[in-house]
Amino acid sequence: MSESSPERRTYSYLGPAGTFTEAALAQVPEARGQIWNPVRNVGEALDDVVSGRSDAAMIAIENSVDGGVSTTQDALATMPGLRIVGEYLVPVQFVLVGRPGATLDDVSIIAAHPVAYAQCLVWLGENLPDHAHVPASSNVAAALDMLEGTAGADAAIAPPGILEHHDLQLLAENIGDNPKAVTRFVLVSRTVAPPSPTGADKTSLIVELPDDHPGALLDMLEQFATRGINLSLLASRPIGDELGRYRFVVDADGHVLDERMADALLGLRRFSPQVVFLGSYPRADRAIVHYPGRYADEVFVEARDWLRGLISGEPET
C-alpha cells in the first residue's frame, strides 16, 4: 500500500460468511472494500470495537418474530463507550440444505439454531413430520457441522446466503413460517457525536427505574408521552443484581438534537439513576417522523424564551 492510500477500516460481524449479519453489513456503503472480520458472538464483536481492533461492529438487536436479542441488549447496557450509528433491516428466510446429492427423502435429523428451528415448525410439520432436531450454535454452524458430519444430522436449516460460500445441496427454500419476518441490525462504533438530524431518525436508550413502586414505569413513559415522542421499542431486561430489578431498552422516534427529545432526556436524567444514551441515527426505513405541531422545536424554544423573560423581569408582550 502506498503512503497516500487511505487506511482501510475494519468491521466485525457474526460469522462465518453467509450469515444474516453479513447480509446486513453488505448494506453499509462505507464498508464495501474494507476489512470484514468474522467473529463468534456479539460480545466479541463489541469488544473488538471497544479495544480498537475494529472500527465498527454489525450486530442483531431485534427480530420481528422473537423480539429483542437479549445478549445484544445486555452487552450494550454494560459495555461503556459504544454508540449506534446506523440500523439495517434484513428479511429473514430460511433454506433446508443437505450434503451434495442428498434429497428431501434422505432427511431424518435436522441441525438448526433453536430460534431458526422455531420459525420453521409449520413447514417441518407438514413436510418432515418424523424428523429429529439437533441444536446448533448458529444458523451457518448448523450447515457446516452437518456438511462435515460432526452434527449427527443429514440436513440443516440455514440462511440462503450460505449457498454462495459452500457446496451444499438445496433441498427446500422459503421454509420459514412467517414470510414477513425481519431482523433489525445496528452498526456500533466507539462514542462519537450523533450525525445531524434527517427528520427520519431514531434514538436508542437504556433506562433504569429508580426503585420499585406503583407507577414507576408510568413515570418513565410520561417523559416521552408529555413531549409527543412515540416509542417503537420498549423491552425490559433484568439488571441481575437482585430479583425484581429491571432496565428498559427504549427506541424513541426522533433525534437528540430535536428540542422535544432533548427535553425528554433531561427529564429522564432527573428521574433515573442510570440512563445510557446509545445514539441517534437515521431509521432504516427512512420514514419521516410526524408529531403534533404543539411539540415542534420552535414551541419549546418559545417557552424557554418566555421563562427567561419572566426571570429577567422583561415585560410580557
Side-chain angles (χ1 to χ4, degrees), residues 7-17 19-64 66-90 92 138 182-198 200-207 232-235 237 247-257 261 265 274-286:
E7 185 176 350
R8 297 175 72 195
R9 293 172 58 84
T10 299
Y11 294 82
S12 291
Y13 73 99
L14 181 64
T19 61
F20 291 118
T21 313
E22 185 189 56
L25 187 54
Q27 297 182 30
V28 183
E30 58 268 29
R32 294 165 190 162
Q34 305 301 305
I35 300 170
W36 291 18
N37 176 41
V39 298
R40 292 165 293 187
N41 54 63
V42 167
E44 185 179 352
L46 293 178
D47 188 63
D48 281 352
V49 177
V50 172
S51 66
R53 291 189 297 271
S54 291
D55 297 283
M58 183 67 76
I59 55 176
I61 196 169
E62 183 184 6
N63 180 268
S64 61
D66 293 290
V69 180
S70 58
T71 52
T72 295
Q73 294 171 344
D74 293 344
L76 290 173
T78 56
M79 297 181 70
L82 296 171
R83 284 283 165 82
I84 297 174
V85 295
E87 71 168 0
Y88 305 86
L89 303 179
V90 176
V92 176
S138 76
V182 173
T183 295
R184 174 177 162 239
F185 293 83
V186 290
L187 187 66
V188 179
S189 75
R190 289 182 290 280
T191 298
V192 293
S196 299
T198 66
D201 302 295
K202 181 179 291 185
T203 294
S204 293
L205 309 160
I206 294 177
V207 184
S232 57
L233 173 67
L234 177 66
R237 293 293 306 152
R247 59 172 64 99
F248 288 84
V249 183
V250 177
D251 284 343
D253 290 348
H255 194 284
V256 68
L257 294 179
M261 184 67 74
L265 263 61
Q274 178 73 1
V275 179
V276 179
F277 174 70
L278 295 177
S280 291
Y281 47 90
R283 296 165 55 102
D285 58 11
R286 299 301 189 265

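Predicted model only: the values in this text are computed from it and were never measured.
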Residue pair [X] / [Y]: nearest heavy atoms and the distance that separates them:
X	Y	answer
A77	V276	O-CG2, 4.3 Å
G68	Q73	CA-NE2, 3.5 Å
D253	M261	O-CE, 3.5 Å
G15	P38	CA-CB, 3.9 Å
A57	A45	CB-O, 3.6 Å
H255	S196	NE2-C, 4.0 Å

Taking the side chain as every heavy atom from C-beta outward, state whether Q27 and V90 have any pair of such atoms under 4.5 Å apart. yes

Is there a side-chain contact between L233 and V249, using heavy atoms and a 4.5 Å cut-off? yes

[X] (side chain) donor-acceptor with [Y] (main chain) under 3.5 angstrom:
X	Y	value
T10	S54	no
W36	E22	no
R83	P194	no
R190	V49	yes
T72	A60	yes

Approximate separation, where rounding is to 0.5 Å, of [X] [atom1] and [Y] [atom2]:
X	Y	atom1	atom2	answer
I61	I84	CD1	CD1	4.5 Å
D251	R283	CG	CZ	9.5 Å
R8	D55	CZ	CG	11.5 Å
L76	R247	CG	CZ	10.5 Å
L82	F277	CG	CZ	13.0 Å
T183	N63	OG1	CG	4.0 Å

My understanding is that only residues two or more places apart in sequence, or in another chain, count here; which of them pass side-chain hydrogen bond (donor to acceptor under 3.5 Å, both in side chains) with S70? none

Taking only residues two or more places apart in sequence, or in another chain, which ones meet D74 in a side-chain hydrogen bond (donor to acceptor under 3.5 Å, both in side chains)? R237

Could you give me the CA-CA distance, side-chain angles and deciding distance for L14 and V42, then say whether side-chain contact (heavy atoms from CB on, under 4.5 Å) is met? CA-CA 7 Å; L14 181 64; V42 167; 5.8 Å; no

When you look at V192 and V85, which way does the side-chain contact (heavy atoms from CB on, under 4.5 Å) test go after all the steps? CA-CA 9 Å; V192 293; V85 295; 4.0 Å; yes

Mind running salt bridge (charged side-chain N to carboxylate O under 4.0 Å, His left out) on R9 and E30 for me, showing each step along the way? CA-CA 9 Å; R9 293 172 58 84; E30 58 268 29; over 6 Å; no

Has R53 got more than 12 heavy atoms of other residues, nucleotides or ligands less than 6.0 Å from its CZ? yes

Are T203 and S280 linked by a side-chain donor-acceptor pair shorter than 3.5 Å? yes

Those residues that, when tested against L89, pass side-chain contact (heavy atoms from CB on, under 4.5 Å) (two or more places apart): V182, R184, A284

The single option from Y88, F20, Y11 passing side chain to side chain contact (heavy atoms under 4.5 Å, CB included) against M58: Y88

Apply side-chain contact (heavy atoms from CB on, under 4.5 Å) to residues D201 and Y281 and explain how you reach the verdict. CA-CA 5 Å; D201 302 295; Y281 47 90; over 6 Å; no

Might you work through the side-chain contact (heavy atoms from CB on, under 4.5 Å) test for L46 and V188, ending with a clear yes or no? CA-CA 8 Å; L46 293 178; V188 179; 4.0 Å; yes

